[in-house]
Amino acid sequence: MRLLKQNIEKKTGAGTATLLPEEPEDMWHAYNLIRPNDLLRASAVRKVVTESGSGSRSNERVHTMLTIRVTKLDFDPQAAQLHVSGRVAEENKVVKLGAFHTLDLELQRNFVLEKSEGWDSVALDMLKEAINQDAKAQLWAVIMKEGLANICLVTDHQTILRQRIETTLPRKRAGSTDHDKQLQKFFQITFDSLLRQIDLANPIPLLLASPAFTATQFQQFMKNQAASGNAKQLNGILAKTTVAQAASGHLHSLSEVLASPAVTSKLSDTKFARETQLVDRFFELMRKEDARAWYGPRECEHAVAQGAVGKGGGVLLISNGLFRSQEMEVRKRWVLLVDDVKGQGGEVRVLSSMHESGRRLESLGGIAVILTYPIEDLDELVGDGDEEDAPEMDQMNGDIARPNGVEGCVEHEDIDFL
Amino acid sequence: MQRVKNLGYDEDELYDNHDEYEQEDATAYTAEDKENFATLTPVIRAELDEAGVQVSDKDIEDALWHYYWDVGKSVSYLKNSRTPRLQQQSTEKSDKAKAKSKFDEAAERSAEKAVRTTMPPMFAADWFRNVSWTLVPSHVEGDLIPNEPVRPMPKLLGGSSKLAKLAEERRKKAATAAASQSESPAPNGSLSALERLSKPRDAKENEAPGPKVEPKKYPIRKKRDPTPPPREPTPPPPEPEEEKPDLRASPTAFGLALSTSPPCGLHPASMTLKDLLGSEVADDPFQGPSPDDTVLRAQQYSKGTPNKRRQSGVNGLAKKTEALKLNGTAASAPAQPKVRSRGLDVPKLWAEEKSRRKASAAFVVIGHVDHGKSTLMGRLLLDTGAVAQRDVDKYQKQATEMGKSSFALAWVMDTGTEERERGVTVDIAQHHFSTNSVDFTILDAPGHRDFVPNMIGGASMADMAVLVVDANQLESGMKGQTREHVLLAKAVGLKRIVVAVNKLDSTTPDAWSRSQFDGVKGEVLKFLRESGFAEQFVTVVPCSGLSGDNVAKAPKVSGPAAWVANTHPTLLKALEKSVIPDIDGATIRRPLRLQIADVFRGGVTNPVSVSGRISAGNAQTGDSVVVQPSGETATIKALEVNAEPCDYAFAGQICTLHLTDIDPIHLRTGDVVCAASHPVPVVKTFTAKIEALKSLLPQAMDVHLGRLHVAGGIKQLVSTVDSEGEVLKKKPRIVKAGQKAIVKVGVEDGVVVEVGDRVVLRAEGATVGFGVVDGTA
């Protein structure tokens, strides 16, 4: 994404930013930047019905610039498309004020964004990250076991499951080669699907991961295919292929694969490595029942209020899903928390809910803290405070439904962890 | 059939037969003949001696033979034969007789036929069982009326000749004579002997050419019946009444197949196919008009076809034959006839056969990788005769070529190419063997940590476990999969366990070290006790899979393993002792539940087959089932238990179901086959009471439900509980290792879960918790 023009005032956060999305990943950034109630100006195609004096109607498709006040966002990670619905905020000659319109943001077409409540710190950080041009690490990962393969694209901010191949393999059976035959067939299907996804002319690294030796077998299969001359460009990919061990063939095993040294050495994705490392550390502390690790919104807020997430190792891990809340108040609450931690000198990590490390965090409610000093029974302190407010930990779906009306990440159910 | 053949004879054949006949006559005297010779020769000789005539024995015998044991005639003949003139006459006479013998033969045969034309015992239903046209639906069933005029009695060529008349007469006479032979008392002794042979002898005198040559107007009759089976029943021909045989069309292939010869004297007024076959077809054939009739009638009305044609017998016949043909093929045409349930009362049958049935048990073989599980099982199968030595020798050769000769026995179980190349079991191997008292199913689990999911699937199908421990490497196992497998065996609900302390032949410093065995035994027992196995369900057996000592056979008394024989049973004995039937009638009466362990192509006739253990209820051929979560219905076409086809199967058995009416894409490993009347609901979340092996947080995990292995995770920690189920803490932050807790488990795709199912949770390649499904709301 390129920032073409901006007139944001540091103090109030008022002002606009003109952005040019250049690659599919930018749609993800736009999805995180644009919030309901924001003003968005972008080019649109609108069907205009005109009625002549004689009463005959004619339809016309008109290209025009529209400014809408956003009511709903719809992000399709598979196709990397973002649809923004809203009501027209500036009248022009083809559209009346208040008419509904859905803008489809397109690559290489700039848009102008103005925040309704001004650009807050989190939004500015997101903007900074979005326009960061370096370190665009990308890789294809096939995480598989016999009969199951998940083909996904791993980027800095997202893990996009592009295709899942599931076949039923017959078990081994004396005197039957059905298993071997079906396994070859399964490899063939996986291979064909992979070729459809990846860009052979411009290869990016490929990671094959599986328990036992399925990935090795698949790599051998690819080599055989390359040798048989079906796809010469395949050699470019084979040179960039890494095979790794995974605990299972399911997608959630990808996080540990990506964190393994064999893979991190090949991937210059330092951001991801740092995040994974922090989440791992958090889980490690939890297992050791160290009272410095806490998760859940109320616990974290309490800890931050006590000043326990400050200089000297205090870390706030927060999923960017929380900032996508439909309600202004909720977003403000998290922004405040982030600002608090920053003010105390602690480290804030906004993890992508579309990334493996972020998903692990989502299952804990999307927020966790590592404290500088242990606080025992933080949950009970919180629980005492407001019993009826006890967290309803239905976080696997990211629906952090709270009694106080807090709702987060509802609009990305389709890309959830589960 | 025979008669048809005879009718086909022509002159040449008759003469051929004549030659044969002559030869037979010259040489063959039967035992009976000889006896007659012996008794009658002295009598004749005595008479001739009185008359002073000298004759040889041969002459006497000949005379007797030619006069059919008539002593008087023979004597007079022999006396006369001494004078030259008479001799000449008699020679003439005998020549004459000989010249006529060809007719004799023919006439004799036809006479025989006339007497013998009783129907052979006919079990047409047997004969035509499984023939497609026996399935003709009742409304198109043909009415088959055999008709006498159709089959005229054999006639002579040019019926007016005297010879022919004579032959006819003689034949009839012979027939009546033969029929009344037994009743009519013999006039005298010599005649009675003669009587017995009267049939052939009469025929010999017969001058008729025999009813062999049939008029050419039935050309088809000339054909020999293609390979007539010895007891072919002779169903009546399909022709209905026919007035003018001359006009008849030649029989169709169908008619010929039904065969042609109606037995004489067997003409039921009306004989339906149903009577003939004894099948259960409804008894109102041709209730309505046949499809062809309908069409023809319609055509007639529309096109004004002359009515005459419809009345024509020839056409009517052709039409009916055609209709039969069509219906025959139509009945067999449906590719997969609906499998009909036999409606067995399986729980009742189970109860009835309970005492007679051999006990059966499935055991899963668990333990750390390379502790010799597969080899031990290969040995067990070899020594119980379930696998031939020949096969093992073959494996030995192949394994040696690959430089893995010690894996030969394991190859009995490890049939996959990858498994053999790498020398590691990958998936569960299933095998059967029987002892005198028990039918065993072996489920050989992989020991490698990467294949623990497969092991869980195998263990969930077993009744008990065999834990194989390498006597030399206990430590590695206790850190690795020996520990995990034992916990998983408990997790899937196994209670009985036989511990095989393996590789005792290679203990150091000396083989079969008793102290080492005792040490290992103590360790293992201690661990099993800690894991929650009751002591009375645990048996420890020392053995060696590679050498085979104390597996199925007790070790030699002289060797270093002698101490074993007195103190420990063999592995096989220990297994037999551990078998306790634990399926009760109530489980069998429940609706069917079978988790699919394997979906495969059972062969050309069974393209869709699934196998698995019936966890509840029963199944029989023809049952309609639902496969969840796809919700597709299927019909059980056939059942197999222990690779033997059977009519029904019940809870506790590992069986193969051959299904029809379902596409295999709806079948996945881990799906559940359930009774169509009681499908199990599909859920995405359920609560489970689990025991944590590691600290648990809400996080993504692999969820194992028997053979089913899906992505999912803990969604919520509901509460920690104590062993009595009392809630200790609601909404805990974390569940620590060793704690029991109620958790909410979510899965990515819908799964089939019932309260009481066993669930295992794994993360990062290790088992983190296991438990029982508590609720599926």
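Bear in mind the structure is a predicted one, so any value in this text is a computation, not a measurement. Each chain gets a letter, A, B and so on, in the order its sequence line appears, and its residues count up from 1.
Of the two parts of B/His709, the backbone and the side chain both hold a non-hydrogen atom closer than 4.5 Å to a non-hydrogen atom of chain A. Looking at B/Arg762, neither its backbone nor its side chain comes within 4.5 Å of chain A, counting heavy atoms on both sides. At a 4.5 Å heavy-atom cutoff, the contact between B/Glu419 and chain A is made by side-chain atoms alone. With a threshold of 4.5 angstrom between heavy atoms, A/Lys145 approaches chain B through side-chain atoms but not through N, CA, C or O. Of the two parts of B/Thr425, only the side chain, counted from C-beta on, holds a non-hydrogen atom closer than 4.5 Å to a non-hydrogen atom of chain A. B/Asp414 touches chain A through backbone and side chain together, each having a heavy atom under 4.5 Å away. Neither the backbone nor the side chain of A/Gln182 comes within contact range of chain B; no heavy atom of the residue lies under 4.5 Å from a heavy atom of that chain. For chain A, the nearby part of B/Ala597 is the backbone; its heavy atoms alone come within less than 4.5 Å. Only the backbone of B/Ile428 comes within less than 4.5 Å of a heavy atom of chain A; no side-chain atom from C-beta onward does. The contact between B/Lys729 and chain A is made entirely by side chain atoms (from C-beta outward), counting heavy-atom distances below 4.5 Å.
Ionic pairing of A/Arg164 and B/Glu748 is present here: one or more N-O contacts between side-chain nitrogen and carboxylate oxygen are shorter than 4.0 angstrom. Salt-bridge check for B/Arg733 with A/Glu299: failed, with every basic side-chain N at 4.0 Å or more from each acidic carboxylate O.
Applying the 6.0 Å contact sphere to CZ of B/Arg422 captures more than 12 heavy atoms from other residues, nucleotides or ligands.
Checking side-chain atoms of A/Ser363 against main-chain N and O of B/Ala700 turns up no donor-acceptor pair under 3.5 Å. Side chain of B/Ser695 to backbone of A/Lys288: no donor-acceptor contact under 3.5 angstrom is found. Under a 3.5 Å cut-off, the side chain of B/Asp598 and the backbone N or O of A/Pro170 do not form any donor-acceptor pair. Between the side chain of A/His252 and the backbone N or O of B/Met701, at least one donor-acceptor pair lies under 3.5 Å. Under a 3.5 Å cut-off, the side chain of A/Tyr295 and the backbone N or O of B/Leu697 do not form any donor-acceptor pair.
Counting all heavy atoms, side chain and backbone alike, A/Glu256 lies closest to B/Glu764 at OE2-CG, 3.2 Å. The two residues A/Thr168 and B/Leu667 come nearest to each other via the heavy atoms OG1-O, 3.2 Å. Here the shortest heavy-atom pairing between B/Asp450 and A/Pro211 reads OD2-C, 4.0 Å.
Taking 4.5 Å as the limit, some side-chain heavy atom of A/Glu289 sits within range of a side-chain heavy atom of B/Lys736.
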**Request:** Go through the steps for B/Arg601 and A/Asp178 under the test side-chain contact (heavy atoms from CB on, under 4.5 Å), then give the verdict.
**Result:** CA-CA 8 Å; B/Arg601 194 180 150 84; A/Asp178 268 7; 4.0 Å; yes
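Once rounded to the nearest 0.5 Å, the distance linking CD of A/Glu166 with CD1 of B/Ile665 reads 12.0 Å. We find the CG-CD distance between A/Leu361 and B/Gln699 to be 12.5 Å, quoted to the nearest 0.5 Å.
When A/Ala247, A/Ala212, A/Gly249 are compared by the number of non-hydrogen pairs under 4.5 Å with chain B, A/Ala212 comes out ahead.
The one candidate from A/His179, A/Gln217, A/Lys172 that meets the side-chain hydrogen bond (donor to acceptor under 3.5 Å, both in side chains) condition with B/Glu418 is A/Gln217.
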